[in-house]
Amino acid sequence: MKHFNLKDWKVHLMCIVIVVIAELIGNFKYANGLLSFTLFPMLYALVIGAIFFGVKIIDQKMMETASPYIGISVTLLTVKVGSTIGPNLEQVIKAGPALLLQELGNLGPILFSMPIAIFVFNMGREAVGACFSISREGSLAVIGDLYGLDSAEGRGVMGAYVTGTLLGTIFNSLMSSAALASGLFHPFSLAMACGTGSASMMTAALAPLVEKFAAQPEMVTQMQAYAAGSQILTGVDGLYINLFVAIPFTNWFYKKLKRMRNPNITEAELLPVKKVK
Amino acid sequence: MEKWATRIKVLFFAALFASLGNTINTWVTHNRSATPAKVIIYMPWDVWPALALMVAICMLGLVITDWVEKKWPKADLPSILFISMIAIIVGLPGVSPLANFMKVEFAKIGLLPLCTPILSYAGISIGKDLPAFKKQGIAIVTVALFTFIGTFIASAIIAEIALRATGQI
């Protein structure tokens with residue numbers, strides 16, 4: 001028992017203080033014309049941390065103590081995300097090849113965004129965190145577990161998470177409107193594309209489709225079923241696609257593009273700084 | 001042993017703080033809701049069974065991770081793999097005797113209130129990352145938006161091909 005101690009009590013006290021303040025503020029809904037988003041207490045927790053650092057309530061030692069605690073506590077999130085998989089597993093097996101194949105679409109963004117990250121912004125390993133997925137809660141768990149949220153990869157995924165929270169709904173809504181107007185896709189395909197793993201983004205992306213076909217209720221029902229099916233599937237396989245396909249592919253692509261940009265770059269510069277265990 | 005002392009301590013505090021946060025969260029939501037009767041306020045101890053199971057799964061997953069790492073150091077498998085697999089098995093209806101317990105109890109603790117203590121620890125250590133955030137902020141935001149476009153378009157293209165191939169449209 002000699003290893004148990006509470007020398008770090010300040011960090012835990014700070015944690016509960018931040019939790020209480022953040023939760024008391026509560027969800028903040030903003031809606032003004034097209035722009036609408038909801039801010040969650042978990043985001044305030046980051047901001048409060050930054051403010052406390054600014055006014056020097058949090059010192060260097062506390063920061064260093066808290067750093068490994070992120071990786072340990074994030075395992076709770078993994079359990080919660082994983083617990084939703086079991087009850088849906090049967091449905092996914094029945095879903096058929098179309099829905100399953102469509103899951104690979106979640107790898108598409110890496111091909112889009114990584115070149116921009118490297119050639120336009122010359123980003124470091126933040127790019128890996130920001131590019132490998134649409135950065136929702138499950139992605140936080142994956143990066144938190146592999147690299148820690150206070151690593152370069154962690155900054156990438158957290159920055160992208162905040163972006164998604166603020167702009168994700170409006171962005172998805174505009175995107176599905178534009179894709180529908182383009183006439184290139186069948187509405188069912190677009191409905192399936194709406195299920196990307198975030199409930200709020202799915203609802204936002206589906207809204208223009210539902211509106212357009214409001215006169216055909218059976219069409220709407222079918223579109224909702226496609227979106228929900230794809231959404232559940234992403235919930236089930238997202239974790240493993242991220243872990244075994246998206247992260248390795250993103251790392252490989254990152255190295256490849258970095259070498260293209262700078263042939264003299266050393267292997268050490270391309271690797272993660274630290275690995276959490 | 002020191003590693004385990006820290007793990008147990010942090011999991012305990014994170015779970016405890018999540019249960020308190022969850023109470024405040026449901027209370028605040030209840031008070032602001034247009035239909036308060038529909039929002040149940042959960043007391044901290046209401047979610048302790050769920051959190052106890054969560055912590056148990058985490059610990060079991062970490063034990064397996066440590067064991068695998070000792071046995072096959074080269075495999076380099078992350079703990080998230082084992083923890084999520086245990087969570088899936090425990091939640092499998094018809095296979096796990098705990099499946100129903102998990103479904104009922106886990107619903108009482110929200111995903112977001114569970115995230116708040118984790119992000120609080122992240123917030124405490126965020127100070128050292130602020131300069132990097134400032135430097136890369138615009139890049140991260142832009143890249144994130146392109147990730148959304150990419151995901152949507154790629155999913156739509158594959159869906160279109162798959163639905164046509166299977167004759168559904």
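Since the model is a prediction, treat every value here as computed from it, not as a measurement.
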Side chain proximity check, [X] to [Y], heavy atoms < 4.5 angstrom:
{"X": "Lys80(A)", "Y": "Met54(B)", "result": "yes"}
{"X": "Leu112(B)", "Y": "Glu137(A)", "result": "yes"}
{"X": "Thr163(A)", "Y": "Leu145(B)", "result": "yes"}
{"X": "Thr147(B)", "Y": "Ser133(A)", "result": "no"}
{"X": "Phe148(B)", "Y": "Met201(A)", "result": "yes"}
{"X": "Leu77(A)", "Y": "Cys115(B)", "result": "yes"}
{"X": "Ser67(A)", "Y": "Lys128(B)", "result": "yes"}
{"X": "Phe152(B)", "Y": "Cys194(A)", "result": "yes"}

Under 4.5 Å from a heavy atom of chain B, the part of [X] involved:
{"X": "Tyr69(A)", "value": "both"}
{"X": "Leu239(A)", "value": "side chain"}
{"X": "Ala22(A)", "value": "side chain"}
{"X": "Leu111(A)", "value": "neither"}
{"X": "Met114(A)", "value": "neither"}
{"X": "Tyr240(A)", "value": "side chain"}
{"X": "Val47(A)", "value": "neither"}
{"X": "Val11(A)", "value": "both"}
{"X": "Phe244(A)", "value": "side chain"}
{"X": "Leu184(A)", "value": "backbone"}

Which atoms of Thr142(B) are under 4.5 Å from chain A, going by heavy atoms: the side chain, the backbone, both sets, or neither?
side chain
Chain A contact via Val90(B) - side chain, backbone, both or neither, heavy atoms under 4.5 Å:
neither
Looking only at heavy atoms, the pair that brings Ile124(B) and Cys15(A) closest together is CD1-N, 3.8 Å
Would you check, one step at a time, whether the test side chain to side chain contact (heavy atoms under 4.5 Å, CB included) holds for Phe106(B) with Val79(A)?
CA-CA 10 Å; Phe106(B) 276 31; Val79(A) 179; 3.9 Å; yes
Test side chain to side chain contact (heavy atoms under 4.5 Å, CB included) on Cys131(A) and Val143(B); report intermediate values, then the result.
CA-CA 7 Å; Cys131(A) 291; Val143(B) 167; 3.3 Å; yes
Qualifying residue, where the test is side chain to side chain contact (heavy atoms under 4.5 Å, CB included) with Ser125(B) and the options are Ile58(A), Asp150(A), Thr65(A)
Asp150(A)
Does the [X] side chain pair with the main chain of [Y], one donor and one acceptor, at a distance under 3.5 Å?
{"X": "Lys9(B)", "Y": "Asn5(A)", "value": "yes"}
{"X": "Gln136(B)", "Y": "Glu126(A)", "value": "no"}
{"X": "Lys103(B)", "Y": "Ser83(A)", "value": "no"}

Over 12 non-hydrogen atoms of neighbours within 6.0 angstrom of CZ in Phe146(B)
no
Evaluation steps, side chain to side chain contact (heavy atoms under 4.5 Å, CB included), between Met192(A) and Leu163(B):
CA-CA 10 Å; Met192(A) 256 160 97; Leu163(B) 286 174; 3.8 Å; yes
Within residues 48-56 of chain A, the residues sitting under 4.5 Å from chain B by heavy atom, in sequence order, are Gly49(A), Ala50(A), Phe53(A)
